[in-house]
Amino acid sequence: MPLTLSIVTADRTVLERDDVLRLVVPTTEGQITLLPSHAPLMASLSIGEMIVHVPDGPIPLAIHGGFIQIVRDDVSVLADAAEHADEIDEARAEAARERSRGRIEGRVPVEAGAVDILRAQLSLQRSLIRLRVRRRRSATGVPTMR
Ligand code: ATP
């Protein structure tokens, strides 16, 4: 039996499927692959790429932290933010990448202090993941991945 998957953020449902064959998930402990009949699990998500394998092919998503729970082939993802590849605004992600690089390298003034550098580093990670997910798709017109 395939997995049922629901990915929600505070303001919307990003994806709902009942035909998931395999799920590649970025957790804070590293990347994991979930298959049907997985043991119950709760994990925190990192900023990374999630790949949802359905019979039509892989669906890539950018995921930006949150939680995942799996119970009896039911997977729930509560994400801080999540985007499908075709929802990602590449120019916006490039601008975010340059802004955060500038802050990290000291070219753009920040309030000073470790917290601001950490914020810039997290923002840089989000932008790089968005660009990766976006470009993976636009390179070929169809997603090609593991
Ligand atoms: P920015 O600096 O461009 O605002 P951010 O990393 O600070 O980026 P988030 O706080 O992670 O943005 O996200 C705020 C909202 O905007 C979320 O709903 C997220 O899905 C969306 N979002 C952020 N960047 C993009 C993008 N490049 N394309 C599409 N949606 C985006």
Side-chain angles (χ1 to χ4, degrees), residues 2-35 38 41-71 73-146:
L3 296 163
T4 299
L5 170 69
S6 148
I7 302 176
V8 300
T9 63
D11 55 3
R12 68 182 182 127
T13 298
V14 178
L15 183 69
E16 279 194 314
R17 304 285 303 208
D18 59 7
D19 58 352
V20 176
L21 306 171
R22 184 159 55 98
L23 190 60
V24 180
V25 186
T27 79
T28 50
E29 310 283 306
Q31 179 180 286
I32 60 172
T33 298
L34 296 177
L35 297 166
H38 196 282
L41 169 86
M42 174 104 140
S44 340
L45 300 172
S46 59
I47 297 170
E49 188 176 17
M50 181 178 283
I51 302 175
V52 182
H53 293 268
V54 295
D56 300 343
I59 303 171
L61 295 146
I63 293 279
H64 309 280
F67 292 96
I68 184 167
Q69 181 202 43
I70 174 163
V71 189
D73 289 343
D74 258 336
V75 185
S76 303
V77 174
L78 284 175
D80 295 336
E83 300 105 26
H84 285 273
D86 57 11
E87 291 173 337
I88 293 170
D89 177 339
E90 191 167 342
R92 177 175 167 183
E94 279 173 349
R97 179 189 62 193
E98 292 316 306
R99 202 165 50 240
S100 35
R101 276 190 180 151
R103 287 182 177 136
I104 292 163
E105 288 163 13
R107 284 185 278 115
V108 178
V110 282
E111 300 291 310
V115 171
D116 298 294
I117 293 299
L118 182 62
R119 272 178 56 187
Q121 284 167 343
L122 290 172
S123 165
L124 177 60
Q125 271 184 47
R126 290 194 298 274
S127 66
L128 292 176
I129 288 298
R130 285 177 175 127
L131 291 171
R132 188 201 292 175
V133 170
R134 174 75 198 175
R135 283 179 183 158
R136 200 189 271 292
R137 188 173 182 94
S138 62
T140 55
V142 289
T144 51
M145 62 204 62
R146 38 190 186 260

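Atoms within a ligand are numbered from 1 in the order they appear, just like the ligands themselves. Position 1 is the first residue of the sequence; numbering continues from there. Values reported hereafter were calculated over all heavy atoms of this structure, with side chains retained and with hydrogens, waters and symmetry mates removed.
Not a single donor-acceptor pair under 3.5 Å links the side chain of T13 to the backbone N or O of L15. Looking only at distances, no side-chain donor or acceptor of E98 sits under 3.5 Å from a matching main-chain atom of A95.
Taking OG of S123 as the reference point, atom CZ of R101 lies at 11.0 Å (rounded to 0.5 Å). The CZ atom of R99 lies 9.0 Å from the OG atom of S127; values are rounded to the nearest 0.5 Å. Atom-to-atom distance recorded for L118:CG and I104:CD1 is 9.5 Å, nearest 0.5 angstrom.
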Can you list, pair by pair, the side-chain donor-acceptor contacts under 3.5 Å of residues 55-66, counting residues two or more places apart and other chains?
from, atom 1, to, atom 2, distance (Å)
H64, NE2, E83, OE1, 3.0
H64, NE2, R130, NE, 3.4
H64, NE2, R130, NH2, 3.4

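Annotation: ligand 1 has protein neighbours E83, E87, I88, D89, R92, A93, A96, R99, R126, R130, each with a heavy atom less than 4.0 angstrom from the ligand.
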